[in-house]
Amino acid sequence: MRTAETMSNPTPDSLTTPADQTPMPQQQIDFAAALRLFDETTASLASQVARLEQILVAKQAELVEANARLALVMAGVASGVVAIGLDGRVTTLNPAAQTAVPGLLPGTDWKTVNPESPALRILAGAVSPLRAELMLGEGGNRRVLVARANALRGADNTLIGAVEVFDDVTDLRSLAERAERADRLKQLGEMAAGVAHEIRNPLNGIEGFASLLVRDLPADDRRRRFAELIVEGVRDLNHTVTGLLEFTRPRRLERRPHDPAALARSVVEVAAAAATAAGVSISVRENWSPRGAIEVDGPQVKQVLLNLVRNATEAAAEAHPGHGVVEVNVAPNGEGVSIVVDDNGSGVPTEARQLIFTPFHTTKEHGTGLGLAVAYAIVQLHGGSLTVADSPQGGARFTLTLPLR
């Protein structure tokens with residue numbers, strides 16, 4: 001039996017593990033703790049990764065929604081919007097830009113489409129914002145654009161590209177030009193009508209007295225030839241005055257159903273004899289008859305077509321004596337009809353096309369410059385258009401477009 005002293009002061013042997021337990025080495029204890037710490041850290045990281053994935057999914061959803069809203073906004077902008085990178089290629093565009101510039105796609109080199117672009121000038125070092133008026137396309141497809149451009153910069157204010165916003169003002173410019181033209185013509189008409197009446201009366205008297213001299217003077221009298229020249233000159237002047245009165249007088253339309261192809265054929269029949277005599281072949285091609293009639297003033301439309309066909313015949317005969325060609329083509333055009341007159345004459349210079357429908361502008365030696373002006377006025381009264389461009393035949397192409405009613 002152990003004494004009390006022994007019980008109160010246990011020996012180190014009394015602190016040993018029970019006989020059925022083996023002491024755990026210190027290395028195993030450290031490894032177990034490290035393993036628990038690793039498991040805890042792994043679990044914590046997995047939890048954080050799960051939370052980050054949830055945040056990422058949410059941010060991706062927000063980004064998709066933001067992009068969708070941006071696409072809707074861009075689609076709703078009536079102006080064309082194009083963003084270009086530092087390499088000058090299109091990175092972003094909206095539907096309005098594709099409408100204004102057919103065939104435009106991301107990756108397109110903007111320099112090939114719009115070499116005068118203000119956005120390209122910004123990339124070259126110009127200070128933004130910039131504004132410019134641009135002309136895109138050629139001939140009848142030419143469009144007038146008003147463009148505004150600004151720099152695109154990153155978070156560190158480094159230039160990363162440029163954005164250009166443009167509006168197609170072709171129709172507005174055309175409307176403004178028509179209004180200005182109408183105002184000029186109104187003023188001219190008021191003045192010309194009064195002057196023409198004042199001129200006509202003395203002209204009739206001069207022609208009458210000169211005709212008496214022609215009648216009374218012998219055929220071999222040189223003064224008779226002078227009198228004949230007076231009569232011819234007065235008649236030419238009278239013809240000009242008559243044309244001026246025709247141009248300035250108020251017009252009314254008497255619309256009736258007419259087959260435009262039939263109108264074109266009747267005009268060609270009238271002009272055929274003079275064309276043949278001038279060595280010009282004239283023909284009509286039509287793709288309209290099944291579509292029926294349009295509501296127009298037949299006689300006035302025929303007057304327009306006859307003027308166009310005669311001008312084309314004269315131009316073709318002068319440029320290719322004995323081998324002139326005039327072709328009249330009638331075909332649908334949207335909600336109306338187009339009657340195109342082509343010739344293989346010398347064409348109309350680009351710089352003259354803005355003036356060709358202006359009164360008294362003519363390239364003919366003996367022309368009055370009123371024929372096309374009268375034609376233009378008639379077409380405008382119908383709500384149509386009359387344009388001039390280069391013809392595939394090599395000469396001029398005049399396109400008369402008329403609405404169905």
Side-chain angles (χ1 to χ4, degrees), residues 52 55-180 348-355 385 387-390:
L52 289 175
I55 294 173
L56 179 61
V57 169
K59 294 298 182 183
Q60 287 176 335
E62 291 178 5
L63 180 60
V64 169
E65 184 179 356
N67 285 335
R69 287 198 301 268
L70 178 60
L72 288 175
V73 171
M74 292 281 280
V77 175
S79 302
V81 180
V82 173
I84 60 175
L86 293 176
D87 59 355
R89 295 188 176 275
V90 175
T91 58
T92 306
L93 70 161
N94 69 340
Q98 290 181 307
T99 300
V101 187
L104 186 63
L105 295 170
T108 300
D109 188 350
W110 192 233
K111 293 188 294 292
T112 63
V113 177
N114 187 6
E116 302 300 323
S117 163
L120 293 174
R121 290 162 53 195
I122 289 174
L123 295 184
V127 179
S128 63
L130 290 179
R131 185 180 184 278
E133 184 173 300
L134 312 169
M135 301 290 289
L136 298 185
E138 297 180 353
N141 296 322
R142 175 164 291 188
R143 312 299 294 173
V144 182
L145 305 180
V146 173
R148 300 166 299 282
N150 213 334
L152 291 176
R153 297 188 179 277
D156 58 353
N157 204 36
T158 301
L159 183 68
I160 60 174
V163 62
E164 186 168 313
V165 180
F166 53 84
D167 294 296
D168 189 335
V169 297
T170 307
D171 295 336
L172 289 176
R173 288 295 169 85
S174 177
L175 186 61
E177 289 175 1
R178 288 186 181 184
E180 183 181 355
V348 179
T350 303
E351 61 274 11
R353 294 176 187 176
Q354 296 296 326
L355 302 172
S385 64
T387 60
V388 59
D390 293 329

Quick one: salt bridge (Lys or Arg N to Asp or Glu O under 4.0 Å) partners of D109, sequence neighbours excluded?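 Listed in chain order: K111.
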Could you tell me whether a side-chain N or O of N150 sits under 3.5 Å from a main-chain N or O of V165, the two making a donor and an acceptor?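 It does not hold such a pair.
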Could you tell me whether the side chain of D167 and the main chain of V169 form a donor-acceptor pair under 3.5 Å?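 Looks like no, no N/O pair under 3.5 Å.
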Only one of N114, T92, L120, T91 passes side chain to side chain contact (heavy atoms under 4.5 Å, CB included) with I84; say which it is.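 Option passing the side chain to side chain contact (heavy atoms under 4.5 Å, CB included) with I84: L120.
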Which heavy atom in [X] sits nearest to a heavy atom in [Y], and how many Å separate them?
X    : Y    : answer
R153 : N157 : CD-OD1, 3.0 Å
A96  : S79  : CB-O, 3.4 Å
R121 : A132 : NH1-CB, 4.3 Å
P118 : E164 : CD-OE1, 3.5 Å
A151 : L159 : CB-CD1, 3.7 Å
V90  : L93  : CG1-CD2, 4.1 Å

Roughly how far apart are L123 CG and S117 OG, rounded to 0.5 Å?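 Separation between the atoms: 8.0 Å.
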How many angstroms lie between atom CH2 of W110 and atom CZ of R89, to the nearest 0.5 angstrom?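 It comes to 13.5 Å.
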Taking side chain to side chain contact (heavy atoms under 4.5 Å, CB included) as the test, write out the residues that go with L105, two or more places apart.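 Once residues adjacent in sequence are excluded, the partners of L105 under the side chain to side chain contact (heavy atoms under 4.5 Å, CB included) criterion are Q98, T108.
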